[in-house]
There are 2 protein chains.
Amino acid sequence: MEAKEISQAVIGRLPRYFRYLGELKDEGVERISSQELSGLMKVTASQIRQDFNNFGGFGQQGYGYNVEYLYREIGKILGLDKQHNFVIIGAGNLGRALGNYLNFERRGFIFKGMFDANPELVGKDVRGVKVMPMEQLESFIRENDIDIAVLTIPKTSAVEVADKLVANGIRAIWNFAHVDLNVPEGIQVENVHLSDSLMKLSYNINRYNSDIK
Amino acid sequence: MEAKEISQAVIGRLPRYFRYLGELKDEGVERISSQELSGLMKVTASQIRQDFNNFGGFGQQGYGYNVEYLYREIGKILGLDKQHNFVIIGAGNLGRALGNYLNFERRGFIFKGMFDANPELVGKDVRGVKVMPMEQLESFIRENDIDIAVLTIPKTSAVEVADKLVANGIRAIWNFAHVDLNVPEGIQVENVHLSDSLMKLSYNINRYNSDIK
DNA sequence: TAGATTGTTAATCGATTAACAATC
DNA sequence: TAGATTGTTAATCGATTAACAATC
């Protein structure tokens with residue numbers, strides 16, 4: 001398929017559409033117009049139609065969109081109809097919290113392994129998965145069809161671990177370490193920099209207060 | 001001050017500048033040009049100069065920027081020179097992980113209290129803070145100068161809790177619940193929707209693969 | 001058929017990049 | 001002073017919104 005590149009701005013909005021459509025579906029709503037969805041989601045109807053049309057027409061003139069169909073199609077676009085195996089590297093608080101989060105499984109993300117450099121954590125159980133030592137990471141990635149590595153380790157070791165992951169065929173890194181990873185073209189990195197997010201909040205608190213002075 | 005509105009695109013980049021400048025400072029680098037910083041951060045020098053100039057001139061022609069000064073100024077813009085007290089609502093895995101994260105304190109974010117609806121979690125200790133029952137939330141917010149509430153509870157209760165927070169004078173919500181909160185103008189909300197982030201990663205994995213077919 | 005609403009083109013708006021005069 | 005590099009204006013690019021013809 002000769003698909004033109006879809007902008008990340010559009011991709012970034014798809015999960016939110018997916019969530020709203022899922023809720024509408026669960027409420028038994030059968031169809032919805034861009035106008036109604038616009039009211040619900042507080043985005044323009046124009047943007048909704050443009051976004052959907054990046055992927056071809058999902059609607060029908062005079063009718064609107066079929067909720068269940070649109071929900072399913074967006075799921076497919078997001079790759080949620082496929083299984084993605086992941087490992088978590090770093091069995092600290094955050095790593096364990098993510099390992100225990102059950103909803104990922106519902107979307108096809110399967111928790112396959114967990115690793116930590118600290119011998120005291122090795123062998124511990126997180127939702128049926130035993131923490132393994134770092135020495136086993138590379139062979140495990142290769143032998144268990146792992147797509148995604150979740151990095152919940154300190155930034156000091158993150159860059160080095162990322163290189164190992166890439167060398168062993170990982171396809172994507174979900175990076176919670178507070179450092180920019182440098183990976184070759186074609187390896188996907190999604191950063192979750194929690195402290196950056198908190199700083200934005202801080203800025204907005206203070207800006208608002210100085211504005212009303 | 002009559003400051004024109006700074007776009008969120010710019011604000012979103014400030015924490016990353018702050019991080020790079022902090023590292024440069026720690027390495028003892030005294031000055032840097034937009035050109036050098038551009039090479040390091042992989043953004044255009046033009047964007048760097050435009051971003052900084054939103055807040056007035058921090059540099060000097062022919063010299064560049066003083067690293068330590070610029071670092072400190074960006075910190076001030078982000079409000080990191082002020083103390084922000086926060087509470088965590090939801091003492092599950094994620095809430096406890098955030099409570100145990102020490103680096104927030106270094107930036108002026110002080111962990112003051114933790115709450116949970118589950119009686120079995122009440123009384124537990126997270127880094128010196130005892131988990132309190134939800135009944136105490138509202139008075140605690142009012143009486144302890146709490147700026148930020150971190151929501152790590154299921155989406156089913158998040159909307160209701162957010163309303164209570166607003167009614168008791170919270171200024172900002174760091175929302176990890178997978179639901180959009182509707183708050184009055186002037187209350188800041190920063191969403192961290194982890195599953196949205198994971199879905200974006202999923203899209204990019206699958207897009208890349210179909211592109212190279 | 002008439003009304004509704006999409007798909008899509010055109011217009012606008014905002015953000016990024018390029019260029020260069022100002023100045024250290 | 002000459003060279004370097006900012007601050008800032010102008011040009012470009014991309015994303016959002018508006019408008020409307022196509023069509024169910």
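Reminder, nothing fancy here: chain letters follow the sequence lines and each chain counts from 1. As a basis for the values below, the full set of heavy atoms in this structure was taken, side chains included, without hydrogen atoms, waters or symmetry mates.
Using N1 to N3 plus N6-O4 or O6-N4 for Watson-Crick, or N1-O2 and O6-N3 for G-U wobble, each under 3.5 Å, C/dT5 pairs with D/dA22. In this structure, C/dG14 forms a base pair with D/dC13, meeting either the Watson-Crick or the G-U wobble geometry with both donor-acceptor distances under 3.5 Å.
The side chain of B/Tyr65 places an N or O atom within less than 4.0 Å of a non-bridging phosphate oxygen (OP1 or OP2) of D/dG7. Taking only side-chain nitrogens and oxygens, A/Arg31 never comes nearer than 4.0 Å to OP1 or OP2 of D/dC24. Under 4.0 angstrom from either OP1 or OP2 of C/dT16 there lies at least one side-chain N or O belonging to B/Arg13. OP1 and OP2 of D/dT5 both lie 4.0 Å or more from every side-chain N or O belonging to B/Ser34. Contact between the side-chain N/O atoms of A/Gln47 and the OP1/OP2 oxygens of D/dT16 is found at a separation under 4.0 Å. Distances shown here put a side-chain N or O of A/Thr44 below 4.0 Å from the OP1 or OP2 atom of D/dT17.
Aromatic ring centres of A/Phe111 and A/Phe104 lie farther apart than the 6.0 Å criterion allows.
Side chains of A/Asp116 and A/Met134 form no contact here, defined as non-hydrogen atoms less than 4.5 Å apart.
The distance between atom CG of A/Asn66 and atom C1' of C/dT6, rounded to the nearest whole Å, is 14 Å. The separation between B/Met41 atom CE and C/dT16 atom P is 13 Å, rounded to whole Å. At whole-Å resolution of the value, CZ in A/Arg49 and P in C/dA4 are 15 Å apart. One can place CD of A/Gln61 at 15 Å from C1' of C/dA2, the figure rounded to the nearest angstrom. Between the P atom of C/dG14 and the CD atom of B/Gln8 lies a distance of 14 Å, rounded to the nearest Å. B/Ile6 has its CD1 atom 14 Å from the C1' atom of C/dG14, to the nearest Å. Rounded to whole Å, atom P of C/dT5 lies 7 Å from atom CD of A/Glu36. Whole-Å rounding puts the A/Ile11 CD1 to D/dA15 C1' distance at 14 Å.
Between A/Tyr63 and B/Phe52, it is B/Phe52 whose nearest contact on DNA chain D lies nearer the 5' terminus.
A perpendicular orientation is assigned to the rings of A/Phe55 and B/Tyr203, their planes being inclined by more than 60° (bins at 30° and 60°). Between A/Tyr65 and A/Phe52, the ring planes are perpendicular. Angles over 60° get that label, and only those under 30° would be called parallel. The aromatic rings of B/His84 and B/Phe109 sit parallel, their planes meeting at an angle under 30°, below the 60° perpendicular limit.
A/Ser46 contributes a side-chain N or O that forms a donor-acceptor pair with the base of D/dA18 under 3.5 Å. One can find a donor-acceptor pair under 3.5 Å joining the base of C/dT17 and the side-chain atoms of B/Gln50.
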